[in-house]
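Quick notes on the structure that follows.
Ligands are counted one by one from 1 in listed order, and the atoms in each one are counted from 1 as well. For reference, positions follow the sequence shown, starting with 1.
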Amino acid sequence: MQNIKKKPIGVFDSGYGGLTVLKEIVKKLPEYDFIYLGDNARAPYGTRSFETVYEYTLECVEQLFSMGCELVVLACNTASAKALRNIQQKDLPRIAPEKRVLGVIRPTAEIVGKHTKTGHVGVLGTTGTVTSNSYPIEIEKLYPALIVNQEACPMWVPLVENNEFENEGADFFIEKNINSLLSKDPLIDTIILGCTHYPLLIKKIKKHLPQNITIIAQGEIVAEGLADYLNRHPEIEQKCSKTGFVEFYTTDAAENFDKMGSLFFGKKIESKHLGL
Ligand code: DGL
């Protein structure tokens with residue numbers, strides 16, 4: 001029998017946000033091995049240009065490949081919106097044709113049509129994700145009748161990254177962006193949290209949203225999507241090692257990452273610094 005070397009699954013985000021996704025992935029697939037990489041030294045990505053997000057994301061994906069990952073999940077909407085297509089279509093065939101990179105936008109778009117009754121959907125995301133139009137484009141492919149409106153929330157990631165997400169200042173920006181989204185389309189009954197940082201703001205988001213609106217957060221959806229992907233792709237699944245370890249790497253200081261990262265991951269983590 002051929003001896004296939006087993007490998008961890010890479011999970012990438014610009015910073016801490018992807019930990020909200022990793023948390024759910026580990027719950028769903030505890031037997032697999034994972035390496036998380038947060039590019040905290042260069043976060044946030046949400047306000048950066050297409051070229052910069054693409055360049056940084058590719059560099060991090062290559063780093064995860066060099067650490068043994070055969071499969072990498074971009075647990076970041078901004079990177080999924082601005083870099084995934086190029087990486088899949090241009091870079092993978094050149095640098096690693098047998099490896100795979102997945103994003104978070106497609107699995108989220110697949111779910112949305114199952115929730116809305118009015119057919120009116122809202123998307124909250126970073127400026128990069130919103131201006132890329134990735135959500136309206138993906139949703140249209142799957143559910144052409146849905147009406148999609150978006151709102152960029154450029155202050156939300158900094159509020160989370162600076163540990164201000166439970167303080168009063170956060171209410172101002174959350175209320176402002178939610179009201180602006182709902183004023184574009186009062187029939188919205190389903191809202192996608194299109195940024196992996198936003199689950200930390202969930203209490204305040206709920207406070208400012210009418211109760212009849214369904215909130216779609218991505219952790220469980222992406223975890224489900226990954227489990228389904230592994231089922232459908234045994235040639236990738238067989239390469240993934242299964243000893244149940246999770247390792248954390250950050251491009252910034254490990255002590256800072258451990259403090260903040262534990263809030264996102266829901267339990268204590270110990271990371272290592274990685275220079276790119
Ligand atoms: N967590 C990232 C996302 O899902 C955004 C954070 C950032 O702006 O770097 O879009």
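Against a heavy-atom cut-off of under 4.0 Å, Tyr45 is close to the following atoms of ligand 1: 7 (C), 8 (O), 9 (O). Ligand-side atoms of ligand 1 in range of Ser14: 6 (C), 7 (C), 9 (O), range being under 4.0 angstrom from any heavy atom. In the vicinity of Asp13, heavy-atom distances shorter than 4.0 Å reach the ligand 1 atoms 1 (N), 2 (C). Per-residue contacts place Gly46 under 4.0 angstrom from the following atoms of ligand 1 (heavy atoms of the residue considered): 7 (C), 8 (O), 9 (O).
Checking side-chain atoms of Ser80 against main-chain N and O of Ile105 turns up no donor-acceptor pair under 3.5 Å. At least one donor-acceptor pair closer than 3.5 Å links the side chain of Asp13 to the backbone N or O of Gly18.
Taking the six-membered ring for Trp and the full ring otherwise, the centers of Tyr45 and Tyr56 sit less than 6.0 Å from each other.
Between Thr196 and ligand 1, a contact under 3.5 Å exists for at least one N or O pair.
Ligand 1 is approached by Cys76 to a heavy-atom distance shorter than 4.0 Å.
Using a 4.5 Å heavy-atom cutoff, the side chains of Arg100 and Tyr229 are in contact.
Ranking the protein heavy atoms by distance from atom 10 (O) of ligand 1 puts Thr78 OG1, 2.7 Å first. In this structure, atom 3 (C) of ligand 1 lies nearest to the protein heavy atom Asn77 N, 3.3 Å.
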* **From CA spacing to verdict: side chain to side chain donor-acceptor pair (under 3.5 Å), Ser49, Thr52** => CA-CA 5 Å; Ser49 70; Thr52 303; 2.9 Å; yes
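In summary, Arg106 and Glu110 engage in a salt bridge, as defined by a charged side-chain N under 4.0 Å from a carboxylate O.
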